There are 2 protein chains.
Amino acid sequence: MYPKRFGKMTMAVTIRDVAKHLNLSITTVSRALDGYEDVAPETRERVRAAARELGYVPSSAARNLRRQRANIIGYVIPASGTRFTDPFFSEFISGLGDQAVSQDFDLLISTATPDTPAEQQVYSRWISSRLVDGVILSRMRLEDWRANHLLDKKFPFAVHGRTGGQADYPFIEIDSRSGLTQLVKHLASLGHRRIAYIGAPAKFTLQRDRFAGYCDGLIAENIPFDASLVAEGDLTRAGGFRAAQALFDAPHPPTAIIGANDLTADGVIRAAHKRGIVVGRELAVAGYDGTEESEHTQPPLTTLRQPVYETARNLVIMLISLIKGDPLLQSQIILQPELVIRESTGR
Amino acid sequence: MYPKRFGKMTMAVTIRDVAKHLNLSITTVSRALDGYEDVAPETRERVRAAARELGYVPSSAARNLRRQRANIIGYVIPASGTRFTDPFFSEFISGLGDQAVSQDFDLLISTATPDTPAEQQVYSRWISSRLVDGVILSRMRLEDWRANHLLDKKFPFAVHGRTGGQADYPFIEIDSRSGLTQLVKHLASLGHRRIAYIGAPAKFTLQRDRFAGYCDGLIAENIPFDASLVAEGDLTRAGGFRAAQALFDAPHPPTAIIGANDLTADGVIRAAHKRGIVVGRELAVAGYDGTEESEHTQPPLTTLRQPVYETARNLVIMLISLIKGDPLLQSQIILQPELVIRESTGR
DNA sequence: ATTGACTACCAAAACGTTTTGGATTATTAT
DNA sequence: ATAATAATCCAAAACGTTTTGGTAGTCAAT
């Protein structure tokens with residue numbers, strides 16, 4: 001039935017083969033390839049040539065065992081069901097992978113729904129089997145068992161955002177609070193007074209910050225807070241869609257809606273479209289994230305752009321320093337998001 | 001500066017610790033935990049309890065070295081620059097990861113632009129260091145060095161789609177050729193005679209198949225082939241956008257446009273929108289893939305849906321059988337895509 | 001001639017498992 | 001009572017590296 005091309009794999013060539021081939025000790029071969037100074041230049045060249053010729057590459061398992069390090073970092077994508085829909089993660093993962101590779105690390109990926117046993121299992125398996133040397137955390141919760149657990153185990157990690165309390169770990173945070181304030185001010189400057197906010201579940205740090213920023217903006221503009229203009233989404237398009245419908249049905253619907261992320265905002269746009277509400281003209285919509293997709297909504301979405309790719313790269317740099325025990329230049333970075341004004345908030 | 005919470009990690013607990021704690025040999029501990037029959041039920045329980053109590057988890061490096069297997073599969077995302085924009089990959093990766101975990105494997109991810117030295121490097125590093133036990137391939141080229149190379153090394157792999165010639169490896173293919181024919185027929189049944197096709201670069205197998213299906217459809221409907229209605233995209237939104245603009249500018253513009261994937265089709269929709277062309281009324285647009293995003297274009301996109309998530313899972317099942325040397329039930333699977341008719345092709 | 005410093009190499013230990021091939025004791029069949 | 005069988009357990013080897021703590025040789029300075 002199935003062709004027998006996948007027979008036994010040809011036994012891999014080991015360092016011993018190289019050594020034998022050159023009449024050298026495996027020590028010398030190892031040190032030659034690792035670039036130690038105590039091997040003659042001529043020998044080093046012979047070793048390099050032989051290694052290439054024989055196709056020798058060190059066994060990662062053996063190396064990991066001896067070095068007590070895997071040169072792998074892990075990242076668990078917060079998924080909801082059979083997919084992770086947020087383009088945020090595509091970009092984030094690209095950044096993690098690219099930087100990791102450039103520092104001779106690899107990236108291990110898993111998906112898990114936040115705060116489930118499955119999530120705990122992934123992390124604890126990775127950590128206690130020492131399969132990964134460190135992990136990247138994102139979409140933090142106010143009380144996040146992950147941060148506590150990792151601190152407790154003294155296991156290296158770096159986070160995007162942060163938890164509720166004091167942050168005794170390296171992180172890169174985008175100051176979404178002041179970003180949202182800026183956004184509210186911008187909407188107010190366009191004449192909006194009934195500005196709604198569709199947030200995320202309260203347990204997420206980003207919700208605390210963005211909601212606070214929203215409130216700050218209202219205060220700054222002397223707009224009274226109206227609880228009926230605040231809805232809870234779930235950071236998905238569907239969540240935004242549902243929440244928007246409810247807002248439209250309210251006695252005093254908003255003239256502007258801010259989504260906690262671009263996906264939510266896109267859901268709002270779709271809900272508006274379904275009702276025949278013209279976004280950008282009858283209703284202003286804005287999001288948060290500024291991934292590429294936000295350019296391609298109809299109309300293009302006003303949003304707060306955060307540098308996802310670069311942040312991911314920097315997190316990996318921080319994490320690998322941590323793993324290697326190198327000193328961190330900066331361990332707690334706070335960046336400002338950039339307000340990108342597009343047609344969805346009108347002219 | 002940086003708090004000293006990441007000091008030395010507490011030395012991990014090894015199998016030796018467990019053995020000493022119970023006055024047993026490490027052999028027995030190992031075999032008890034692995035569920036061998038030659039250990040007394042009572043002893044097995046004691047071992048299990050002690051392992052849990054002490055928090056023992058086998059070192060993956062040591063286990064991999066001894067077993068000569070990593071229990072890791074690899075997947076290289078074909079990225080173009082700083083991100084992979086296609087939601088296809090989000091879903092694909094979720095499928096890979098979920099199935100892998102359920103079989104006690106992990107998923108290693110990297111990104112690389114197709115046919116670059118970087119791509120070669122990733123694969124050869126993974127393979128020759130035996131960091132992964134097998135790889136999943138996707139978006140195949142007609143002449144694909146990857147398949148040849150892996151066959152040559154007798155390294156396990158499974159592919160989504162296939163290469164140009166004979167396929168001496170396990171794969172799951174979606175019959176996109178007949179899918180496209182079906183789509184063309186549907187458009188013809190709506191009265192369209194000028195049906196354009198925006199393809200992918202010729203080197204991709206999917207382009208050969210989908211283009212052939214397009215031609216089949218024209219023939220079946222007695223529509224003469226018109227080279228001016230065929231454009232080359234690059235499977236991105238931007239590519240679809242550009243190609244559509246060119247088609248609009250042609251002397252005899254099409255009344256329907258098929259994109260080689262949903263992303264391309266979405267680019268077409270955007271280009272149409274920019275020109276004030278009403279999609280679904282003045283122009284029919286259709287895509288291929290049927291990822292969730294296709295429901296959320298404006299208007300929703302007619303497309304050929306392939307079961308991305310399930311395919312990914314099945315590929316992993318096949319790959320792991322291969323790795324373990326188990327017989328494959330099915331090794332070459334061909335599925336039919338499902339035509340999903342939505343508003344973008346009008347009523 | 002002796003010492004010291006330097007260069008180029010290497011044997012052996014260690015990393016933490018799994019697996020092989022028994023060894024020991026208890027049980028059953030003769 | 002003895003032999004055969006079954007039930008448990010274990011010592012030691014092996015997986016392929018890196019690292020430690022050297023050794024032997026050369027050269028220069030005393």
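A, B, ... follow the sequence lines: proteins, then strands. Residue 1 opens every chain. Just so it is clear, the model here is predicted, and its values are computed rather than measured.
- When all heavy atoms of A:Asp17 and A:Ala12 are compared, the pair lying nearest together is OD2-O, 4.2 Å.
- There is no side-chain donor-acceptor pair under 3.5 Å between A:Thr113 and A:Thr116.
- You can see that DNA chain C meets the heavy atoms of chain A within a 4.0 Å-exclusive cut from C:dA8 to C:dG16, reading 5' to 3'.
- Contact of the A:Ser90 side chain with the B:Ser90 side chain is registered, since non-hydrogen atoms from C-beta on lie closer than 4.5 Å.
- Applying the ring pair (Phe, Tyr, Trp, His ring centres under 6.0 Å) test to residues at least two apart or on different chains, the pairs with a partner in residues 118-143 of chain A are A:Tyr123-A:Trp145.
- The minimum heavy-atom distance linking B:Arg162 with B:Ala167 is given by the pair CD-CB, 4.2 Å.
- Side-chain atoms of A:Arg146 and A:Arg141, non-hydrogen and from C-beta on, do get closer than 4.5 Å to each other.
- Within residues 22-32 of chain B, the residues having any heavy atom under 4.0 Å from DNA chain C are, by residue number, B:Ile26, B:Thr27, B:Ser30, B:Arg31.
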Between N or O atoms, less than 3.5 Å apart, protein on one side and nucleotides 25-28 of chain D on the other: list the pairs.
none

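- You'll find the side chain of B:Thr163 reaches within 4.5 Å of the side chain of B:Tyr169, heavy atoms only.
- For the contact set between residues 42-54 of chain A and DNA chain C, defined by any heavy atom under 4.0 Å, the members are A:Thr43.
- Residue B:Val135 comes nearest to B:Leu150 through the heavy atom pair CG2-CD1, 3.7 Å, listed as atom of the first residue, atom of the second, then distance.
- Contacts of B:Asn71 classified as side chain to side chain contact (heavy atoms under 4.5 Å, CB included), with partners at least two apart in sequence or in another chain: B:Arg69, B:Asp104, B:Phe105, B:Asp133.
- Residues satisfying the ring pair (Phe, Tyr, Trp, His ring centres under 6.0 Å) test with B:Phe88, not counting sequence neighbours, are B:Phe92, B:His160.
- A search for side chain to side chain donor-acceptor pair (under 3.5 Å) contacts involving A:Arg46 returns nothing, not counting sequence neighbours.
- Closest-nucleotide positions on DNA chain D for B:Asp38 and B:Gln68 were compared, and the one nearer the 5' end corresponds to B:Asp38.
- One atom, OH of B:Tyr36, and another, P of D:dA6, lie 21 Å apart when rounded to the nearest Å.
- A:Thr111 meets the side chain to side chain donor-acceptor pair (under 3.5 Å) test with B:Asp98; sequence neighbours excluded.
- Taking the six-membered ring where tryptophan is involved, the planes of A:Phe84 and A:Phe89 are perpendicular, since the angle between them exceeds 60° and thus also 30°.
- Against DNA chain C, the stretch residues 56-65 of chain A makes heavy-atom approaches under 4.0 Å through A:Leu65.
- Residues passing the side chain to side chain donor-acceptor pair (under 3.5 Å) test with B:Ser124, sequence neighbours excluded: none.
- B:Asp34 places its CG atom 16 Å from the C1' atom of D:dC10, with the value rounded to the nearest Å.
- Between the CZ atom of B:Arg16 and the P atom of D:dC10 there is a distance of 14 Å, given to the nearest Å.
- For B:Asp38, the side chain to side chain contact (heavy atoms under 4.5 Å, CB included) test picks out B:Arg31, B:Tyr36, with sequence neighbours left out.
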